[in-house]
Amino acid sequence: MALGMPKNESDKMVDKIEGGSTNKIVKIFILFFIVAICCLVLNYHSNTYILEYFPNSNKSIFSKKLSTYDSNISGKKSSTQENYLTYSKKQKIKLKKVLKEAAMGDKTVIITTLNAAWTAPNSIFDIFLESFRIGNNTKELLKNLLVVAFDQIAYSRCLEIHTHCYALITKNVDFSGEKKYMSGDYLKMMWRRTDFLRIVLQMGYNFILTDADILWFRQPFAHFYAHVDFQIACDYYLHDSSNPNNSPNGGFKFVKSNNQTIQFYKFWNKSRRTYPGKNEQDVLNIIKYSPFIKKIGLTMRFLDTSYFGGFCEPSKYLNYVCTMHANCCIGLENKIHDLRMAINDWKDYMALPNDERKSYKYTWSLPRICG
């Protein structure tokens, strides 16, 4: 008790002091609680988006990103809306119709995509179709080829010379001209194609995607791997079909329709936001190492350039080649020039007597401008 102060007044003062201390403690506790919550939120977002700023981060950091993809793909609410293709009922009916008409017995469709620049007379499209007609047992595959046109001009041209055509036209976007490699319109076109292929898978169809600057000289089926979900050609092949360090080329792939491939294509398309400014092939080259592939059980193999060659790494002998791709080649006229050379090489090869073709290891005279 304080000296000279009545007992009841001193007690009141003690209570007041103790009450003030308690309020101070409560305020401090609330402040610490708010700071802790803010730290947790910031930590969550840094884990989620760290790869957007450090695309070459190691695989352990990559795994932090997966929680976001897992929740999106498993159907949980996402904080962002993905720009998937939307279809009217009429468009879906049309797509299902052309897929059914073009499909093989096992629901496999050969698909190529084109714009007006590539469908002009004597351009890439004509060379592409010619390769099927002069190839070894490839002419019959034309009935299984679906041509997807990015613009009305390409669609009209397709209807003139081919059976199965589909218009994948984007409103207010002109895809008709030649699109320079890695230009803005080129990237839009390639990502639109990737998401279109997701829709094909969701409709229950397997597909062989082939760029139109790929020549078909033999049927490829004997060189595909059985029981593999996703298999893709390479610019450069390391003689091991399971090695992820192979350099895949998105222009030729065989993909089976199942839950694994549908999830993978969703993941692939979402990864566009993580790596802006990259095309679908460059993004694939990054996500092929992702633990997500193992998580969903997707099997992936890389195709041998001995059978699926290109100007980057031509198949060594025409005795084995199935396809020849004008990769490592920029510019429409350059592609046309060297693809014509490849057509002529094949015609010379096929003109040889049968015994000589089998015994003589005939090679390419190209690439001349490309490569």
Side-chain angles (χ1 to χ4, degrees), residues 110-113 118 124-125 127-139 141 145 181 207-225 228 230-255 281 284-285 288 300-332 334-352 357-371:
I110 303 169
I111 297 176
T112 194
T113 56
W118 281 36
I124 292 287
F125 190 32
I127 301 172
F128 175 68
L129 295 178
E130 183 182 357
S131 73
F132 278 89
R133 290 191 288 266
I134 66 173
N136 191 351
N137 296 321
T138 51
K139 186 176 181 179
L141 296 178
L145 173 66
Y181 182 69
F207 64 79
I208 301 171
L209 175 73
T210 172
D211 279 351
D213 61 348
I214 294 178
L215 306 178
W216 284 56
F217 293 128
R218 288 187 178 88
Q219 293 198 13
F221 306 104
H223 304 290
F224 289 150
Y225 296 95
V228 171
F230 180 95
Q231 38 200 312
I232 186 167
C234 298
D235 285 337
Y236 302 99
Y237 183 65
L238 301 178
H239 304 286
D240 178 358
S241 65
S242 300
N243 189 342
N245 292 320
N246 282 297
S247 301
N249 186 295
F252 187 92
K253 45 185 160 307
F254 176 37
V255 185
Q281 182 173 303
L284 175 63
N285 239 335
K288 66 186 180 181
M300 181 183 295
R301 301 292 282 274
F302 300 90
L303 299 171
D304 192 337
T305 51
S306 296
Y307 307 108
F308 305 96
F311 294 166
C312 296
E313 189 172 271
S315 47
K316 196 171 182 181
Y317 301 117
L318 274 73
N319 304 60
Y320 308 116
V321 63
C322 293
T323 60
M324 172 60 87
H325 190 183
N327 52 11
C328 290
C329 188
I330 297 175
L332 185 59
N334 293 336
K335 286 177 180 286
I336 291 171
H337 179 275
D338 279 13
L339 286 173
R340 281 285 176 207
M341 290 185 64
I343 288 282
N344 291 334
D345 282 348
W346 178 261
K347 287 179 177 178
D348 290 344
Y349 167 76
M350 292 300 291
L352 294 171
R357 277 205 313 269
K358 290 180 179 179
S359 60
Y360 179 64
K361 292 184 176 180
Y362 201 89
T363 58
W364 300 101
S365 64
L366 53 90
R368 186 70 55 83
I369 297 177
C370 304

Peer 1: May I have the step-by-step check of side chain to side chain contact (heavy atoms under 4.5 Å, CB included) for Asp235 and Gln281, ending in yes or no?
Peer 2: CA-CA 11 Å; Asp235 285 337; Gln281 182 173 303; 3.6 Å; yes
Peer 1: Can you tell me how far CD1 of Ile111 sits from CD1 of Ile208, rounded to the nearest 0.5 angstrom?
Peer 2: 10.0 Å
Peer 1: Roughly how far apart are Arg133 CZ and Phe128 CZ, rounded to 0.5 Å?
Peer 2: 11.0 Å
Peer 1: For Thr305, give me all partners under side chain to side chain donor-acceptor pair (under 3.5 Å), at least two apart in sequence or on another chain.
Peer 2: Glu313
Peer 1: Distance-only, no hydrogens or angles: does the Asn246 side chain make a donor-acceptor pair with backbone N or O of Asp240 under 3.5 Å?
Peer 2: yes
Peer 1: Among Tyr237, Phe224, Phe302, which one satisfies side-chain contact (heavy atoms from CB on, under 4.5 Å) with Phe308?
Peer 2: Phe224
Peer 1: Is it the case that the side chains of Trp364 and Ser315 hold a donor-acceptor pair, with the cut-off being a distance below 3.5 Å and no angle test?
Peer 2: yes
Peer 1: Counting only heavy atoms from other residues, nucleotides and ligands, does the tally under 6.0 Å from CZ of Arg357 exceed 12?
Peer 2: yes
Peer 1: Strictly under 2.5 Å separating the two SG atoms? Check that for Cys328 and Cys370, please.
Peer 2: no
Peer 1: Once rounded to the nearest 0.5 Å, what's the spacing between atom CG of Leu215 and atom CZ of Phe132?
Peer 2: 9.5 Å
Peer 1: Identify the heavy atoms of Asp345 and Tyr362 that sit nearest to each other, and give their distance.
Peer 2: O-CE2, 3.8 Å
Peer 1: Any side-chain hydrogen bond (donor to acceptor under 3.5 Å, both in side chains) involving residues 213-223? Give me the pairs, sequence neighbours left out, ordered by first then second residue.
Peer 2: Glu140-Gln219, Thr210-Trp216, Asp213-His325, Asp213-Lys335, Arg218-Tyr349
